[in-house]
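Quick notes on the structure that follows.
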There are 4 protein chains.
Amino acid sequence: MARGDIPGATGAKKGRPLSEKTEAAILEATAQLLAEKGLAHLTIEEVAARAGVGKASVYRRWPSKGTLAFDAFESDFLSRQPLPNTGDLRGDLLAALRAWVRTVRDTPIGRTLRGLIGEVQRDPALEGIWRERFMTPVRARHRALVDRAVARGTIPPGTDSDLVMDMLYGAAYHRLLQGHLPLNDQFVRVLVDAVVASIGAVEP
Amino acid sequence: MARGDIPGATGAKKGRPLSEKTEAAILEATAQLLAEKGLAHLTIEEVAARAGVGKASVYRRWPSKGTLAFDAFESDFLSRQPLPNTGDLRGDLLAALRAWVRTVRDTPIGRTLRGLIGEVQRDPALEGIWRERFMTPVRARHRALVDRAVARGTIPPGTDSDLVMDMLYGAAYHRLLQGHLPLNDQFVRVLVDAVVASIGAVEP
Amino acid sequence: MARGDIPGATGAKKGRPLSEKTEAAILEATAQLLAEKGLAHLTIEEVAARAGVGKASVYRRWPSKGTLAFDAFESDFLSRQPLPNTGDLRGDLLAALRAWVRTVRDTPIGRTLRGLIGEVQRDPALEGIWRERFMTPVRARHRALVDRAVARGTIPPGTDSDLVMDMLYGAAYHRLLQGHLPLNDQFVRVLVDAVVASIGAVEP
Amino acid sequence: MARGDIPGATGAKKGRPLSEKTEAAILEATAQLLAEKGLAHLTIEEVAARAGVGKASVYRRWPSKGTLAFDAFESDFLSRQPLPNTGDLRGDLLAALRAWVRTVRDTPIGRTLRGLIGEVQRDPALEGIWRERFMTPVRARHRALVDRAVARGTIPPGTDSDLVMDMLYGAAYHRLLQGHLPLNDQFVRVLVDAVVASIGAVEP
DNA sequence: TCGTAACCGAGACGGTACGTCTGGTCTTTTT
DNA sequence: AAAAAGACCAGACGTACCGTCTCGGTTACGA
């Protein structure tokens with residue numbers, strides 16, 4: 001986990017507790033600076049200054065720039081990934097992927113996401129956190145769509161939902177990170193069609 | 001391109017030309033250090049020292065760590081991506097993807113590739129170079145496999161080869177960068193099968 | 001003044017105060033290196049290394065090599081300039097000038113003084129500091145000898161003590177800096193005699 | 001001497017002779033830059049660029065910045081030091097010192113002279129050249145005034161002309177280099193008076 | 001209710017690496 | 001073979017941040 005814990009939850013504590021105000025100020029400053037200059041040019045020094053906080057108060061809570069940025073980023077991103085229910089798999093996947101594309105393409109979140117993934121590549125300490133707190137919940141949410149289709153009986157029960165996720169979001173992340181081709185609606189449609197076709201889906 | 005040019009190709013040159021020896025020493029030192037400590041902990045300072053070269057001689061050629069690392073990495077990686085010809089599409093894709101997986105999973109190249117992609121996310125100046133010199137040639141080589149299958153008539157002529165590439169390599173890069181699931185042969189097989197199925201390939 | 005101030009004198013202080021240990025280590029290292037290799041070959045890098053201190057800790061206190069060297073030099077030099085009281089002007093001037101000559105001719109201080117004056121010629125920012133902290137106190141000390149003679153009534157009341165100082169020490173600095181003739185006791189004697197003669201001094 | 005010799009004078013020469021044009025361009029550029037930014041901020045790099053000449057062509061002729069600057073400075077300065085003949089010593093010394101003061105106070109030459117003397121303090125290799133080519137001729141010229149007075153019989157035959165020079169010019173250089181008091185005509189007058197008085201000069 | 005442990009903002013600490021600059025030398029090509 | 005150009009190695013420059021430590025002061029528990 002990025003931070004220690006919700007204060008008061010773990011038990012024994014002496015002395016003055018961590019101030020929630022300080023924490024909020026840090027996260028707010030981080031979010032601002034993240035949008036303004038990107039993760040690469042974010043510095044703890046500046047976060048502390050902007051938040052009106054000592055650097056130690058930042059390091060007391062987050063061990064690195066990545067973990068801090070991650071916390072500031074997380075909730076924002078997740079809230080933009082809906083769990084659609086259109087009645088059939090193609091529709092659900094289309095809606096989910098479209099929401100993803102809009103988020104990363106049309107908001108500063110895309111840039112931050114790219115920077116964060118970049119950071120994860122260089123800091124092994126971030127890998128676990130990133131997977132646990134970001135990849136796992138997002139994938140779970142998306143996989144639910146596939147599982148629902150299995151339950152409905154419109155796709156075979158043995159469908160490898162991990163593979164489906166990797167084909168869909170792998171392709172999408174690929175275009176986000178490599179930028180070799182546009183992330184547009186045309187791409188989303190043909191991608192979802194191809195993936196649905198590969199499952200051997202029965203038309204409802 | 002990362003550096004100026006092929007020496008001597010552009011024409012006018014006065015004064016002492018850039019020494020090829022110096023350049024070779026820098027690239028060699030960079031490759032060594034890249035393998036030893038990864039891109040994140042590679043420093044120009046150390047490259048220069050190891051190469052027995054002044055820092056200015058490095059900056060004269062490459063404007064940043066990323067461009068330098070990229071040049072040292074490029075040829076090494078590309079040489080490990082064969083152009084298989086097994087006679088059918090599935091076999092070709094399997095061979096190509098297996099080679100890729102072996103390279104990134106079993107050699108230090110995988111770590112460097114991850115670091116380099118991370119670097120590309122933070123340095124906009126690298127994006128173009130990366131795409132032009134890395135993504136484009138590698139994709140072209142892989143796409144040739146699909147085009148050959150179209151020529152053979154085993155898959156429909158309108159097949160979107162870009163999409164095929166994105167599903168295959170998007171998924172593979174996804175696992176490389178996110179590490180949520182292993183990059184093993186089982187994954188390669190089911191991925192190729194699913195992608196081939198999605199194309200509506202005719203069995204030969 | 002080279003540095004901020006006597007710590008704690010100015011009032012408001014926030015954050016960790018400058019460590020006196022660090023400052024002492026820097027001054028000590030500077031003094032050593034000044035004697036070893038002269039001001040011209042003194043580098044902040046080496047001062048920091050020798051003092052076991054970060055470069056920033058040096059720059060935090062002194063804005064330039066010259067100001068640092070000056071601070072390290074100052075007390076050492078001044079302590080070697082006595083305020084003689086032999087009873088008559090000639091004896092006082094002889095004693096003072098002999099002490100000066102011995103200091104600059106027989107110790108490494110002479111070399112440092114030359115280097116420092118050289119530095120002052122090239123860095124306008126040093127001029128004021130040099131004058132205020134070096135020339136003014138030293139001259140004041142020496143002029144006191146002349147003023148005492150006036151008080152005694154052995155020389156005319158209107159004597160221009162600045163001119164006397166300039167003839168005496170001007171000539172001495174001239175030989176120190178230009179090296180055209182030796183700085184020996186013979187020189188000191190005839191110089192003092194000539195200057196005393198020029199004043200129209202009454203023999204006591 | 002700063003440079004080798006008058007080109008072509010020494011005899012044996014093979015290959016292309018040193019170009020007088022090149023030399024003139026370098027000296028001209030040096031003089032300009034000396035006046036513009038002072039010796040301290042003069043760089044061989046910039047001299048070469050301004051002269052439209054390779055750096056090596058500069059180093060071929062002058063071994064260091066100081067020697068080059070010195071050559072560019074020398075003739076200019078000496079031409080401004082007249083050999084007055086007013087008929088009596090006081091008048092001669094007054095005229096000579098006034099010319100000196102005007103030169104160093106009212107032209108960029110003063111700044112350059114200060115810089116040059118500063119440079120001499122740091123570069124032992126310059127000392128000899130400086131003394132030989134600058135101090136010695138200038139002092140000789142000035143001392144001639146005193147010697148003439150001896151010949152005239154207006155001052156004692158045993159007069160120490162070196163001491164007279166040191167009192168006069170020592171005081172003047174002192175004010176130039178230390179800047180503690182102004183270099184004005186009032187100073188010149190009282191200085192000359194005091195020095196002449198110290199000699200025990202007979203009124204003519 | 002009081003001691004004390006852990007917090008607070010501020011900023012100095014020892015460091016690393018940056019990208020730039022200069023010095024003096026070396027190596028091409030041109031004249 | 002010298003000139004002009006400019007790359008060569010070396011390393012100091014001053015800056016930016018790093019993550020830690022110290023300062024004097026302030027909470028808010030728990031003994």
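Numbered from 1 within each chain, the chains take letters A, B, ... in sequence-line order.
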- [ ] Please step through salt bridge (charged side-chain N to carboxylate O under 4.0 Å, His left out) for the pair A:R114 and B:E127, ending with a clear verdict.
- [x] CA-CA 12 Å; A:R114 291 184 61 185; B:E127 275 185 46; 3.7 Å; yes

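- Taking atom CD of residue B:E20 and atom P of nucleotide F:dA7, one finds them 15 Å apart after rounding to whole Å.
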Between protein and nucleotides 2-4 of chain E, what N or O pairs are separated by less than 3.5 Å?
none

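- Among the heavy atoms of the strands, none lies under 4.0 Å from A:A48.
- Minimum atom distance to the side chain of D:Y59 is reached by E:dT25, of the listed E:dT25, F:dG14, E:dA12.
- In terms of phosphate contacts, B:S19 brings no side-chain nitrogen or oxygen within less than 4.0 Å of OP1 or OP2 of E:dT27.
- Rounded to whole Å, atom P of E:dG9 lies 11 Å from atom NZ of A:K21.
- For B:A56, counting side-chain heavy atoms from C-beta on, the closest listed nucleotide (F:dA10, F:dA3, E:dC26) is F:dA10.
- Of the listed nucleotides (F:dC13, F:dC17, F:dC8), F:dC17 has the atom at the smallest distance from the side chain of A:T43.
- Within the 4.0 Å cut-off from OP1 or OP2 of F:dA4, at least one side-chain nitrogen or oxygen of D:T22 is found.
- Atom P of nucleotide E:dG19 and atom CZ of B:R61 are separated by 17 Å, given to the nearest angstrom.
- Using modelled atom types, no side-chain atom of D:S57 and backbone atom of D:V53 make a donor-acceptor pair closer than 3.5 Å.
- A donor and an acceptor atom never sit less than 3.5 Å apart when one is taken from the side chain of D:K65 and the other from the base of E:dG23.
- Between C:R50 atom CZ and C:E28 atom CD the span is 9.0 Å, to the nearest 0.5 Å.
- Note that CG of B:L68 is 3.5 Å distant from OG1 of B:T30, once rounded to the nearest 0.5 Å.
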Open item on the list: Between B:D71 and B:R133, does the salt bridge (charged side-chain N to carboxylate O under 4.0 Å, His left out) criterion hold? Intermediate values first, please.
Closed with: CA-CA 9 Å; B:D71 261 19; B:R133 291 248 302 245; 2.4 Å; yes

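- Look at CD1 on D:I26: it is 13 Å from C1' on F:dA2, rounded to the nearest Å.
- Distance from the side chain of B:L18 is smallest to F:dC8 among E:dG9, F:dC8, E:dG14.
- Nearest-nucleotide positions on DNA chain E for C:R60 and B:S64 put C:R60 closer to the 5' end.
- Summary of the strand contacts: B:A51 and C:I44 both lie near DNA chain F, and taking for each the nucleotide with the nearest heavy atom, the more 5' one is attributed to B:A51.
- A search for side-chain hydrogen bond (donor to acceptor under 3.5 Å, both in side chains) contacts involving C:T43 returns nothing, not counting sequence neighbours.
- A donor and an acceptor atom sit less than 3.5 Å apart, one in the side chain of D:K55 and one in the base of E:dG24.
- Using bins of under 30°, 30° to 60° and over 60° for the plane-to-plane angle, the ring pair D:F134/D:F70 lands in the perpendicular bin.
- Here C:S57 does not reach the OP1 or OP2 of E:dA12: none of its side-chain N or O atoms lies under 4.0 Å away.
- In this entry the distance linking CH2 of D:W62 with C1' of E:dG23 reads 18 Å, nearest Å.
- When rounded to the nearest whole Å, the span between NE2 of C:H41 and P of F:dG11 equals 14 Å.
- Each of B:E45 and B:R16 was assigned the nucleotide of DNA chain E with the nearest heavy atom; the assignment lying further toward the 5' end belongs to B:E45.
- Inter-residue side-chain proximity for B:V120 and B:L116 is flagged as unmet; no heavy-atom pair is nearer than 4.5 Å.
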